[in-house]
Amino acid sequence: MSKNAAIAELLEEMANYYDLDEEIWKQRAYAKAARIISGLGQDIEELYEQGGTKALIALQGIGKGIAETLQEYLNTGKIKELLAMRKKYPGIADMLRVQGIGPKHAKVLHTTLKIRSLEDLKKAAKNHKIRALQGFGEKSEQDILEGITLLEQTKGRQLLGVALGYAREIKASLQQHPSIQKVQISGSLRRRKETIGDLDFLITSTHPKEAITYFTSLPEVTRVITKGNSKASVILNIGMNADLRVIDKKSWGAALQYFTGNKDHNVALRQLAIKKGYKLSEYGLFKGTLRIAGTSEKEIYAALGLAYIEPELRTHTGELEHAKNNTLPTLITQNDIKGDLHMHTTWSDGIASSEEMIRACMKKRYQYLAITDHSPSQRLANGLDKKQLLEHLKELRTLQKKYNIQVLFGSEVDILADGQLDYPDELLAQLDVVVASVHTRFKMSKTEMTKRICTALQNKYVTILGHPTGRLLKERKGYDVDFDKVFDCAKKQGVAIEINAQPQRMDITDSLIRRAIAQGVMLCITTDAHSTEQLNTMELGVGLARRGWAEKKNILNTKTWKSLEKYIKRRRQ
DNA sequence: GCCGTTTTCGGCCCGACTGTTTTCAGTCG
Ligand SMILES: Nc1nc2c(ncn2[C@H]2C[C@H](O)[C@@H](COP(=O)(O)OP(=O)(O)OP(=O)(O)O)O2)c(=O)[nH]1
Ligand SMILES: [Mg+2]
Ligand SMILES: [Mg+2]
Ligand SMILES: [Zn+2]
């Protein structure tokens, strides 16, 4: 994942330049390639190092030409053609970031007004130089100024855990309106992507215009971007955009399919429809003017000869082929979860007591929980020394007698720089569950880090490898690790790979989950909760697991306590 | 530029909203 985002941006930039040159198909190909790479999950550099150009071309949507561009960048750190384009069109990339300015307008501004920067653009708008141009007017000049201001205010993508909370509040407000019947959170939220660009809502309404006006007048709305008879787009006080789409209930399934995406999945599905002699839009699947499907998503997929595809799988990464062959996985659900094996208490850096965590887990009807406070190296997080660890153990054994839920005594033990664990084996032997995690010395080489982690996994007391990539969304990338090797070790040793559901971690990634499953590795969804409230992030972890094509059998904490107990015992033999 | 259980050439998703149009192009989802 290291360079993927940066490379996707470069390809996107190139796509924009091709657009200016009216190379419309090249533009589409590059834009698509950018989307593919940004959603890839696997480090494109790693892919190239291991499989060469062939591995790049093997990606659906990347062919000889773009593979060459990628190769040039990975080998030399630059793309000659891009540099030339930047020279030809200075300042255009910035202009295109302004809401409402596309390639056509940008080009006019660039050539006729010689605009080279956002500063130039602002000045031109303020001096009313823009309104006179062909295709522009007073309003669009004003919009440009506002667009620049908004650009300066916009934050990036938001964490799923945060965005989902906001979306549920808006959903509740929408449900208040008498003309609104169904409300469905859609887009990337429904696909449970780990970061969210905007909040998308699909509704049915007996009075669409009133419903839309209600939406654009919500107290959270700070600005209305567009407002029509079937959809509206607004900016919310939380710094995110929200889109509303109103649809007749006979088109509900088609609209939900459309509004859930992702874009590439939609386009591929529509292409399939064409191939079969149909037309697919948000209004339905049509043969000529006859609607042959549209009330439910299932009906649409079925009419196209496909099994139903769960939203989390709609990423255009092979799901259509599997749907056609009826080989899609039966995804894990929240109901399958029997316990939580990673959480913290006031003994280290949590804010709830052991007893509070136990009671909260009972309320969730879990069969078991593991309390896993930090080890001594985590000084800032109040890591437990030997004496404290044994006291904590005593506390938990006492609490166990009081509650009818299996209370597992665990620890999140640091993996030290040399791969040794932060407690000696004789202490680890007294623990029921050990989550081993890297918390320090991130900047090792890939070889060293891989060796470090594999060494740790060889300790027979390790149950779970904690937050395996070490990424913190919006903050830092993961460390360099060879996951094929790590998965190999995990498989051999019988260690589970964690799917950490903390909103900022969401660690490990969806595509790595898919690879882990392909390699036969067990995974475990945990919340890493530091409060009782945070135990609720389990749903985010389940969403992430589903994005990784995980079935119940792939997830350790779907096991009953009896079966889990056996699993842990076997590991320690 | 990419792609192919009807194709290696000729297609490439489809529709809403807006401003500037005098019939629709541009932008966005
Ligand atoms: N058919 C089609 N559908 C699109 C297109 N663009 C967007 N959509 C659909 C699929 C998207 O998931 C949905 C919502 O659009 P968004 O721009 O909000 O994207 P999405 O929510 O997937 O990601 P986000 O996190 O908001 O960036 O609309 C398009 O060009 N064609
Ligand atoms: Mg969205
Ligand atoms: Mg949207
Ligand atoms: Zn933890």
Side-chain angles (χ1 to χ4, degrees), chain A residues 11 14-36 56-70 81 95-109 130-144 147 186-188 197-202 208 212 216 224-234 241-247 251 254-255 257-286 304-305 316 321 324-325:
Chain A
L11 294 179
M14 289 179 79
N16 286 333
Y17 295 128
Y18 287 128
D19 214 340
L20 302 174
D21 286 338
E22 322 229 340
E23 299 230 46
I24 180 78
W25 302 113
K26 229 168 158 173
Q27 182 273 332
R28 281 211 197 165
Y30 270 79
K32 187 174 179 191
R35 288 197 302 274
I36 290 167
L56 299 178
I57 292 179
L59 295 170
Q60 188 77 216
I62 292 178
K64 248 183 103 185
I66 294 177
E68 237 165 66
T69 304
L70 293 171
E81 188 167 7
M95 274 196 273
L96 287 173
R97 292 170 50 226
V98 178
Q99 171 88 234
I101 296 185
K104 295 291 187 291
H105 286 162
K107 195 170 180 184
V108 171
L109 293 165
I130 294 176
R131 58 180 63 182
L133 299 176
Q134 183 69 249
F136 292 84
E138 236 175 278
K139 183 72 168 67
S140 50
E141 185 177 81
Q142 192 56 34
D143 286 349
I144 286 174
S186 313
S188 49
D198 68 353
L199 312 181
D200 299 301
F201 301 93
L202 182 68
I212 288 172
T216 57
V224 178
I225 303 169
T226 60
K227 179 170 184 273
N229 291 326
S230 71
K231 69 176 188 176
S233 189
V234 301
N241 285 22
D243 289 338
L244 180 79
R245 186 70 200 253
V246 192
I247 200 79
S251 294
Q257 192 292 310
Y258 152 72
F259 215 29
T260 298
N262 70 9
K263 178 178 170 172
D264 288 333
H265 175 91
N266 285 0
V267 171
L269 203 63
R270 287 171 181 210
Q271 275 168 338
L272 179 63
I274 293 170
K275 213 190 269 180
K276 292 190 177 268
Y278 304 128
K279 180 183 71 165
L280 177 62
S281 75
E282 61 265 48
Y283 294 104
L285 184 66
F286 296 89
L304 291 169
H316 193 47
E321 289 72 16
K324 187 177 161 217
N325 301 330

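Because the structure is predicted, anything quoted here is derived from the model rather than measured.
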Test item: A:Q99 side-chain N/O and A:G147 main-chain N/O as donor-acceptor pair under 3.5 Å: no
Any side-chain heavy-atom pair from [X] and [Y] closer than 4.5 angstrom?
X	Y	answer
A:N241	A:V234	no
A:L280	A:F286	no
A:R28	A:E23	no
A:D264	A:K32	yes
A:R245	A:F259	yes

Within this structure, what is the [atom1]-to-[atom2] distance between [X] and [N], rounded to whole angstrom?
X	N	atom1	atom2	result
A:K279	B:dC14	NZ	C1'	8 Å
A:D264	B:dC3	CG	C1'	14 Å
A:I101	B:dT18	CD1	C1'	15 Å
A:I24	B:dA25	CD1	P	14 Å
A:L59	B:dG1	CG	P	18 Å
A:D243	B:dT27	CG	C1'	13 Å
A:K275	B:dC13	NZ	C1'	14 Å
A:I225	B:dG26	CD1	P	22 Å

Of A:K231 and A:K26, the one whose closest DNA chain B nucleotide lies more 5': A:K26
Upstream residue (5' side of DNA chain B) when A:R270 and A:S230 are each assigned their closest nucleotide: A:R270
Say we look at [N] and [M]: how far apart would their [atom1] atoms be, to the nearest angstrom?
N	M	atom1	answer
B:dC9	B:dC14	C1'	25 Å
B:dA16	B:dT20	P	22 Å
B:dT21	B:dC17	P	22 Å
B:dG19	B:dC12	C1'	29 Å
B:dG11	B:dT7	C1'	10 Å
B:dT18	B:dT23	C1'	15 Å
B:dT22	B:dC28	P	23 Å
B:dC13	B:dC3	P	14 Å

Does a side-chain N or O from [X] land closer than 4.0 Å to OP1 or OP2 of [N], or not?
X	N	answer
A:S140	B:dT20	yes
A:Q134	B:dT21	yes
A:Y278	B:dC14	no

Proximal nucleotide (of [options]) relative to the [X] side chain:
X	options	answer
A:K104	B:dG15, B:dC12, B:dT27	B:dT27
A:I274	B:dG1, B:dC14, B:dG29	B:dC14
A:Q60	B:dG4, B:dT27, B:dA16	B:dG4
A:R245	B:dC13, B:dT27, B:dA16	B:dA16
A:H105	B:dG1, B:dT20, B:dG26	B:dG26
A:K139	B:dC17, B:dG19, B:dC2	B:dG19
A:W25	B:dG15, B:dG29, B:dC12	B:dC12

Identify whether any heavy atom of [X] sits under 4.0 Å from a base atom; if not, whether one sits that close to sugar-phosphate; answer base, sugar-phosphate or nothing.
X	value
A:N229	sugar-phosphate
A:Q99	sugar-phosphate
A:G261	nothing
A:I62	sugar-phosphate
A:Y30	sugar-phosphate
A:E68	nothing
A:E141	nothing
A:I247	nothing

Watson-Crick/G-U partner (both atom distances under 3.5 Å) of B:dT18: B:dA25
Face-to-face contact A:F136 to B:dT20 six-ring, under 5.5 Å, under 30°: no
B:dT7, syn or anti by chi within 90 degrees of zero: syn
Neighbour count >12 (heavy atoms, 6.0 Å) for atom NZ, A:K324: no
Over all atoms of both residues, closest heavy-atom pair of A:A232 and A:I212: CB-CG2, 3.7 Å
